[in-house]
Student: 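My questions all concern the structure below.
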Protein chains: 2
Amino acid sequence: MSGRGRVPSGQPTIADVARHAGVAVSTVSYVLSGKRAISEMTRSRVLASIRLLGYHPNAGARALASRRANVIALVLPLRSGIQVPVVMQFATAVVTSARRHDHDVLLLTSDEGPAGLHRIAAGALVDGLLVMDVELHDGRVPLLRDLGRPSVLIGLPAESRGLTCVDLDFERAGQVCVEHLATLGHRRVALLGAPAAVYDRGTGFAHRTRAGVLAAAARHGVHAVALPCEENAAEVHRRVADLFARHPGITGLVVQNEAAVGPVQATLAALGRRIPRDVSVVAVCPDQFAEHTSPRLTRVPVPADQIGQQAVSLLMRKLGDEPAPEVTLLPPRLTVGDSTAAAATVDTSLP
Amino acid sequence: MSGRGRVPSGQPTIADVARHAGVAVSTVSYVLSGKRAISEMTRSRVLASIRLLGYHPNAGARALASRRANVIALVLPLRSGIQVPVVMQFATAVVTSARRHDHDVLLLTSDEGPAGLHRIAAGALVDGLLVMDVELHDGRVPLLRDLGRPSVLIGLPAESRGLTCVDLDFERAGQVCVEHLATLGHRRVALLGAPAAVYDRGTGFAHRTRAGVLAAAARHGVHAVALPCEENAAEVHRRVADLFARHPGITGLVVQNEAAVGPVQATLAALGRRIPRDVSVVAVCPDQFAEHTSPRLTRVPVPADQIGQQAVSLLMRKLGDEPAPEVTLLPPRLTVGDSTAAAATVDTSLP
DNA sequence: GCCGAGTGTCGAAGCGCTTCGACGACGGGT
DNA sequence: ACCCGTCGTCGAAGCGCTTCGACACTCGGC
């Protein structure tokens with residue numbers, strides 16, 4: 001036993017590589033980082049040794065010395081009313097693009113609260129943060145401001161100064177839906193929005209969509225009602241039946257809630273209203289989902305991939321101390337399916 | 001300017017705490033880790049300084065010195081046919097319980113492949129791995145074996161020796177569903193399983209459920225057919241209609257696919273078969289989902305929370321060098337809803 | 001009154017990496 | 001022939017933490 005040595009980790013270290021290649025440790029480091037010129041000969045010799053020994057730099061040591069962990073945090077919502085598949089799509093998009101920038105992703109849930117963010121950021125476990133599902137008046141915003149680490153929000157709080165935010169332009173999305181219906185001659189439409197709880201906590205995308213719908217309706221002389229919409233079949237049924245009882249002339253529906261689409265279809269069928277003959281339906285939902293319903297939905301997809309990618313790019317820019325725009329809103333794109341058609345002459349004799 | 005010093009990070013270090021509390025650095029460390037006895041007086045003085053300075057240990061330094069990153073990797077599937085909400089539930093359960101063990105979670109997607117796992121593990125970014133959606137003959141299994149880091153699989157590969165696996169006992173789940181139907185007097189049942197692609201790649205849970213269904217059926221003298229089931233409405237409709245055309249006597253349905261439940265209900269309605277009067281339906285799906293359908297489903301939930309928690313516990317045990325069982329199968333629990341009832345006298349005059 | 005077994009604390013040696021300054025070797029301008 | 005700038009490499013100093021051995025003390029037992 002040689003004194004107080006601990007057991008070696010087993011993994012080869014940069015010193016092993018240096019020894020094997022017959023160069024200094026720092027040279028190996030520079031080969032890896034490219035921060036100084038290295039002759040082609042040395043370079044290839046070092047790389048060969050690295051491959052041969054199966055060397056992987058120790059993340060902790062690297063983080064300690066360089067003050068960069070090459071890890072970003074992804075703060076996901078765990079709340080009710082979130083659109084699970086969309087969130088999942090975000091997450092994978094974020095992981096994939098982060099890897100493309102040579103970063104890994106640490107998964108946080110908001111339920112550890114501000115303390116969690118603080119712990120992570122202060123402990124230098126991550127270099128920057130990506131925060132999803134931001135509310136209009138989000139308590140985490142001031143925290144992010146003085147966390148001392150770059151961050152990007154997915155979503156748009158009421159006050160975005162000094163922050164970096166990315167999102168779909170939900171207001172435009174709402175407008176686009178209504179404009180599509182208006183063009184088809186619909187004069188009375190309704191928005192089946194997010195669950196009431198989502199509006200209550202002031203989640204941006206729900207409010208902005210509603211605002212867009214109402215604004216576009218007003219502009220085009222369309223009568224519009226907006227109501228929240230829960231995700232379970234029974235409740236959807238009740239709401240939709242009630243809606244048509246009150247407003248029998250409605251011929252256009254904008255559905256914001258992927259989970260509600262199925263029940264809405266079923267309810268319309270039960271009410272004897274066919275899609276798109278009697279009622280046209282536009283949904284805000286993933287393309288993949290829309291393609292699998294019958295009839296195929298006319299929809300405005302939430303481009304989770306793009307948003308995720310964009311968010312990562314912006315965060316990387318900030319990590320590199322480059323300036324980043326405060327607000328990036330991606331333009332919505334409406335894809336016409338088979339669930340919308342020209343408005344029929346109003347037939348008030350419908351049941 | 002004092003020579004070659006770099007800019008200090010801004011965060012207080014353990015040395016700052018030690019100085020402030022008037023003790024040695026090592027004493028602070030021992031207060032934090034509890035690995036040596038510290039007098040109550042010193043202890044509280046140190047803790048006060050920590051709080052006052054807002055000290056958070058640097059994760060990199062800690063990882064480097066202790067050879068433990070206090071981070072585990074969660075390897076999520078990104079494939080088609082996965083049950084997104086269930087995966088999400090897993091993920092959150094894992095994050096939450098990991099935090100309870102003072103660990104964070106690094107999110108990996110399998111699409112970086114084995115190289116990704118290797119990079120992470122060799123670089124000591126994580127102490128252990130949690131791998132989801134394991135296939136019967138999963139290519140990652142041999143890799144995990146010689147990765148040199150503890151791992152726990154969620155799912156059950158064909159050969160589980162030397163591994164640690166957690167899952168719902170899907171075989172029993174299948175049995176329980178059939179037994180429930182058999183007890184109610186059903187004599188012809190069908191399993192609408194996972195999408196064909198899921199069987200093709202040999203995903204354990206799908207195969208095991210099918211085996212359980214068929215075995216229980218045989219044992220109870222029930223006639224059973226099992227068929228894969230895609231997730232889009234049109235396809236479901238085709239399959240189900242075809243099924244009843246071929247086997248008009250079927251009165252019991254086991255549906256394994258949350259996404260298929262809605263379309264199945266719609267199809268049955270379209271075929272003029274009422275639930276549960278004409279057809280009883282048992283689903284393998286989350287409780288929350290089952291509660292929101294009408295009628296409320298009889299179901300065997302996948303206890304994603306429990307599985308996730310259990311997986312983390314096992315991984316922690318392995319990280320502490322304690323032995324862990326190779327296979328942990330959680331017993332399924334059937335909850336009776338309103339979608340199953342006693343089999344009606346066979347009425348072959350049905351359309 | 002002395003020994004041995006704790007207790008509580010300290011100092012120092014790393015953990016594996018990055019980065020800074022230094023320095024020899026070379027080459028082009030004058 | 002000389003100086004200077006550039007290129008390629010090296011050595012060493014940390015980064016902030018854990019952990020080991022050492023070293024006072026205190027206390028009970030004989």
Side-chain angles (χ1 to χ4, degrees), chain A residues 1-46 50 53 55-70 122-125 127, chain B residues 1-46 50 53-70 102 122-125 127:
Chain A
M1 292 212 290
S2 59
R4 53 192 303 280
R6 308 181 214 177
V7 269
S9 78
Q11 298 292 340
T13 73
I14 197 173
D16 296 326
V17 174
R19 206 170 309 124
H20 184 272
V23 299
V25 163
S26 49
T27 301
V28 177
S29 178
Y30 287 125
V31 165
L32 251 20
S33 70
K35 293 193 179 173
R36 283 202 185 174
I38 296 287
S39 71
E40 191 44 42
M41 229 201 67
T42 308
R43 210 181 115 67
S44 55
R45 198 144 42 88
V46 168
I50 286 177
L53 299 180
Y55 168 73
H56 284 265
N58 179 295
R62 194 199 273 264
L64 179 56
S66 68
R67 291 150 176 277
R68 314 274 268 85
N70 275 37
L125 228 187
D127 304 319
Chain B
M1 290 208 291
S2 58
R4 52 192 304 282
R6 307 181 214 177
V7 271
S9 78
Q11 297 293 339
T13 73
I14 198 174
D16 296 326
V17 174
R19 205 171 308 123
H20 184 272
V23 299
V25 163
S26 49
T27 302
V28 177
S29 178
Y30 287 125
V31 166
L32 251 19
S33 70
K35 294 196 178 171
R36 284 202 184 173
I38 296 286
S39 72
E40 191 44 42
M41 229 202 65
T42 309
R43 210 182 114 70
S44 55
R45 200 145 38 88
V46 168
I50 286 176
L53 299 180
Y55 167 72
H56 284 265
N58 178 295
R62 194 198 273 264
L64 178 56
S66 68
R67 291 149 176 277
R68 317 272 269 81
N70 274 39
D102 194 33
L125 227 187
D127 304 319

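The chains referred to below are lettered A, B, ... by the order of the sequence lines, with proteins before strands, and numbering in each begins at 1. All values reported here derive from a predicted model rather than from experimental measurement.
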Student: Among C:dC17, D:dC17, D:dG16, which is the nearest nucleotide to the side chain of B:L64?
Tutor: D:dG16
Student: OP1 or OP2 of C:dT19 sitting under 4.0 Å from any side-chain N/O of A:K35?
Tutor: yes
Student: D:dT19, OP1 or OP2 - any side-chain N/O from B:S33 closer than 4.0 Å?
Tutor: no
Student: Reckon A:S66 has a side-chain N or O less than 4.0 Å from the OP1 or OP2 of C:dT19?
Tutor: no
Student: Do A:V28 and A:V23 come within less than 4.5 Å of each other through their side chains, counting heavy atoms only?
Tutor: yes
Student: If you measure from CG on A:L53 to CD1 on A:I14, what distance do you get to the nearest 0.5 Å?
Tutor: 12.0 Å
Student: Output yes when at least one side-chain N/O atom of B:R62 is less than 4.0 Å from OP1 or OP2 of D:dT18, else no.
Tutor: yes
Student: Can a side chain N or O of B:Y30 be found less than 4.0 Å away from OP1 or OP2 on C:dT7?
Tutor: no
Student: Looking only at atom types and distance, does a side-chain atom of B:N70 sit under 3.5 Å from a main-chain N or O of B:D102, one as donor and one as acceptor?
Tutor: yes
Student: Taking only the side-chain nitrogens and oxygens of B:T27, find out if one of them lies under 4.0 Å from OP1 or OP2 of C:dC10.
Tutor: yes
Student: OP1 or OP2 of C:dG16 versus the side-chain N and O atoms of B:R67: is any pair under 4.0 Å?
Tutor: yes
Student: Under 4.0 Å between a side-chain N/O of B:S26 and OP1 or OP2 of C:dG11, yes or no?
Tutor: no
Student: Using a heavy-atom cut-off of under 4.0 Å over every strand shown, decide if B:V23 touches base, sugar-phosphate, or nothing.
Tutor: sugar-phosphate
Student: Considering every strand and a 4.0 Å limit on heavy-atom distances, what is the contact class for B:S29: base, sugar-phosphate, or nothing?
Tutor: base
Student: Would you compute the distance between atom CZ of B:R19 and atom OG1 of B:T13 and round it to the nearest 0.5 angstrom?
Tutor: 6.5 Å
